[in-house]
Number of protein chains: 2
Amino acid sequence: MSLPHAILTALLEKPSSGLELTRRFDRSIGYFWSATHQQIYRELGKLEADGLIRALPSEQPARGQKKSYEVLPAGRAELARWTAASQDPKPHRDPLLLRLRAAAVVGTAGLEADLRRHLELHERQLAEYQEIEQRDFPPGRDGTEDRLRHLVLRAGIDLETFWTQWLRRALADFAELPAGEPTRPA
Amino acid sequence: MSLPHAILTALLEKPSSGLELTRRFDRSIGYFWSATHQQIYRELGKLEADGLIRALPSEQPARGQKKSYEVLPAGRAELARWTAASQDPKPHRDPLLLRLRAAAVVGTAGLEADLRRHLELHERQLAEYQEIEQRDFPPGRDGTEDRLRHLVLRAGIDLETFWTQWLRRALADFAELPAGEPTRPA
DNA sequence: ACCGTTTATGCAACTAGTTGCACAAGGTGG
DNA sequence: CCACCTTGTGCAACTAGTTGCATAAACGGT
């Protein structure tokens with residue numbers, strides 16, 4: 001149940017409309033909690049019904065009209081409660097690793113090209129994170145807020161670094177493998 | 001749509017009953033694709049209905065009686081197709097990083113203890129992976145199947161290594177932070 | 001003979017996330 | 001002036017995964 005809390009965080013950082021939130025999810029927050037605009041609109045409705053946020057009164061509510069929300073005290077309290085509450089880490093689910101394991105049984109045909117593609121995507125993402133780091137976190141800043149946000153960004157950078165390195169190793173390994181046939185023919 | 005393929009892979013490695021599969025998911029496969037026994041039974045039913053697997057004839061089918069499955073040629077073909085098919089990487093969703101970002105706004109109270117707990121869990125998982133590596137992948141093996149499986153295990157080891165290091169850095173940062181109050185009081 | 005635990009299979013209801021589409025307002029170009 | 005594109009909001013149906021519980025056989029003790 002993290003989406004509502006992701007939205008509360010985003011709205012505390014800056015009151016926004018549904019579409020603005022969607023865009024901000026596509027950029028910063030979505031890097032570790034993605035959401036589509038439909039999820040966001042639905043959740044905004046629930047949060048408003050629960051009294052955690054409210055529409056900014058200035059704007060008239062009509063379809064096709066921008067409608068911005070701000071967080072109410074109850075929303076801030078709920079976010080603080082959730083942040084402090086202990087949560088178990090969810091097990092990862094990674095289809096790519098699964099495919100590699102399947103390839104050990106049915107053959108590696110076709111996989112290599114996709115590994116290469118993933119490598120490129122992760123390299124691009126890594127470059128993007130590094131740009132953000134240079135732009136938003138020049139050396140010498142140390143406000144609490146900056147510190148925490150930088151820490152989150154570092155996680156992103158280190159994760160992408162891991163993937164690029166692992167994929168390069170995988171491709172190097174593939175180069176030495178016999179070919180794409182099954183290791184256990186049917 | 002990875003669960004059916006995870007099951008096909010497991011069944012190709014060794015025909016099994018629902019409960020045996022559940023146990024194997026708790027150990028090896030579940031490290032990167034977890035599933036509960038209910039998911040597995042449901043999926044076994046679908047796979048059988050679709051003609052991708054079949055119950056081993058030897059055993060009598062009755063409630064409370066073991067029922068093992070094996071993969072049919074159509075199942076192997078489907079798995080090979082899926083393995084070779086290109087797939088986009090899904091964006092990660094990580095509540096812990098989200099909580100850190102929320103903490104930048106509502107305060108870090110309570111978070112540190114959970115970071116410590118996560119660190120312990122990841123250290124334990126890392127140790128487990130390293131044991132498996134020493135036990136199952138002694139230096140000098142290089143069959144194709146071993147190579148691929150080792151690669152998958154290395155991903156697990158490197159991921160857990162990343163998390164332990166990142167969490168240690170986070171805790172070190174927390175130690176220098178003022179205290180648990182919000183950076184932007186309500 | 002009975003009771004409780006373990007092994008094994010399974011249904012039903014719920015929660016979360018995704019996909020596909022619909023609708024409205026406002027601007028732009030032919 | 002109207003057809004089309006963009007911006008913005010939203011519903012409905014679907015897919016995937018989780019939680020809680022039910023059922024049944026086998027086994028071990030008392």
Side-chain angles (χ1 to χ4, degrees), chain A residues 1-8 10-11 15-26 29-30 32-50 53-56 58-69 82 87-95 98, chain B residues 1-8 10-11 15-26 29-30 32-50 53-56 58-69 82 87-95 98:
Chain A
M1 274 241 315
S2 301
L3 179 57
H5 303 99
I7 292 178
L8 286 172
L11 287 181
S16 309
S17 69
L19 194 66
E20 281 165 350
L21 278 177
T22 304
R23 290 207 224 285
R24 290 172 60 199
F25 268 74
D26 285 344
I29 299 191
F32 45 93
W33 202 275
S34 64
T36 61
H37 78 274
Q38 291 86 344
Q39 279 177 277
I40 288 169
Y41 282 120
R42 200 199 313 176
E43 206 60 46
L44 283 171
K46 280 189 209 161
L47 288 169
E48 193 179 21
D50 291 350
I53 63 173
R54 69 165 179 187
L56 284 181
S58 57
E59 335 252 356
Q60 73 282 38
R63 213 189 166 91
Q65 290 308 105
K66 198 152 70 167
K67 196 164 120 191
S68 287
Y69 293 91
W82 176 82
Q87 268 182 254
D88 283 333
K90 298 250 160 170
H92 349 50
R93 291 223 169 90
D94 195 315
L98 204 54
Chain B
M1 277 238 316
S2 300
L3 179 57
H5 303 98
I7 291 178
L8 286 172
L11 286 181
S16 309
S17 68
L19 195 65
E20 281 164 349
L21 278 177
T22 304
R23 291 207 223 286
R24 290 172 59 198
F25 268 73
D26 284 344
I29 299 192
F32 45 93
W33 201 275
S34 65
T36 61
H37 78 273
Q38 291 87 344
Q39 278 178 278
I40 289 169
Y41 282 119
R42 199 196 315 175
E43 205 61 45
L44 283 172
K46 279 189 209 163
L47 288 169
E48 193 180 21
D50 291 350
I53 63 173
R54 68 163 180 191
L56 284 180
S58 55
E59 336 252 355
Q60 73 283 37
R63 215 190 165 89
Q65 291 307 105
K66 198 153 70 165
K67 197 164 120 194
S68 287
Y69 293 91
W82 176 81
Q87 268 182 255
D88 284 332
K90 297 249 163 173
H92 349 52
R93 291 223 168 93
D94 194 314
L98 204 55

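Chain letters run A, B, ... following the sequence lines, proteins first, then strands; residues in each count from 1.
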Just the rounded figure in Å: distance from [atom2] of [N] to [atom1] of [X].
| X | N | atom1 | atom2 | result |
| --- | --- | --- | --- | --- |
| A/Leu44 | D/dG10 | CG | P | 8 Å |
| A/Ile40 | C/dT18 | CD1 | C1' | 13 Å |
| A/Tyr69 | D/dG10 | OH | C1' | 10 Å |
| B/Glu43 | C/dT9 | CD | C1' | 16 Å |
| A/Phe25 | D/dG8 | CZ | P | 17 Å |
| A/Asp26 | D/dT7 | CG | P | 13 Å |
| B/Leu21 | C/dA8 | CG | P | 12 Å |
| B/Leu47 | C/dG10 | CG | P | 13 Å |

Quick one, B/His5 and A/Pro95 - any side-chain contact, counting heavy atoms below 4.5 Å?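 Side chain of B/His5 against side chain of A/Pro95, heavy atoms only: no contact under 4.5 Å found.
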Which atom of A/Ser34 lies closest to which atom of B/Arg93, heavy atoms considered: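 Where A/Ser34 meets B/Arg93 most closely, the heavy atoms are O-NH2, 2.8 Å.
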Least distance between heavy atoms, B/Trp33 atom then A/Asp94 atom: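 So the two residues come closest at CE3-N, 3.6 Å.
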side-chain contact (heavy atoms from CB on, under 4.5 Å) between A/Tyr41 and A/Thr36, intermediate numbers included: CA-CA 9 Å; A/Tyr41 282 120; A/Thr36 61; over 6 Å; no
Keeping A/Glu43 on the side-chain end and A/Ile40 on the backbone end, is there a donor-acceptor pair under 3.5 Å?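 Checked: no pair found.
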Under 3.5 Å, side chain of B/Glu48 to main-chain N/O of B/Gly45, donor-acceptor pair present?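 Not a single qualifying donor-acceptor pair exists.
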If you only use heavy atoms from C-beta on, which nucleotide in D/dG20, C/dT7, D/dT18 is closest to the side chain of B/Gln38?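 Of the options given, the side chain of B/Gln38 lies nearest D/dG20.
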Compare the minimum distances between each of C/dT9, C/dC21, C/dT19 and the side chain of B/Lys67, then state the nucleotide with the smallest one.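 It is C/dT9.
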Just to be sure I understand the rule, does A/Ser17 reach a base, reach only the sugar-phosphate, or reach nothing, if contact means heavy atoms closer than 4.0 Å?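 The residue A/Ser17 makes sugar-phosphate contact but no base contact.
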Assuming nearest nucleotide by heavy-atom distance, tell me which of A/Ser34 and A/His37 is located more 5' along DNA chain C.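 Its nucleotide being nearer the 5' end, the pick is A/Ser34.
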Report, one pair per line, the protein and nucleotides 13-17 of chain C atoms (nitrogen or oxygen only) whose separation is under 3.5 Å.
{"unit_1": "C/dG17", "atom_1": "O3'", "unit_2": "B/Arg93", "atom_2": "NH1", "d": "3.3"}

Does one side chain, of A/Ser16 or A/Arg24, offer a donor that lies under 3.5 Å from an acceptor on the other?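 There is such a pair (donor and acceptor under 3.5 Å, judged by atom type) between the side chains of A/Ser16 and A/Arg24.
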Any A/Lys90 side-chain nitrogen or oxygen under 4.0 Å from OP1 or OP2 of D/dT18: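 No, outside the criterion.
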Phosphate-side-chain proximity, B/Tyr41 and C/dT9, N/O vs OP1/OP2 below 4.0 Å: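 So the side-chain polar atoms of B/Tyr41 do come within 4.0 Å of the phosphate oxygens OP1 or OP2 of C/dT9, strictly under.
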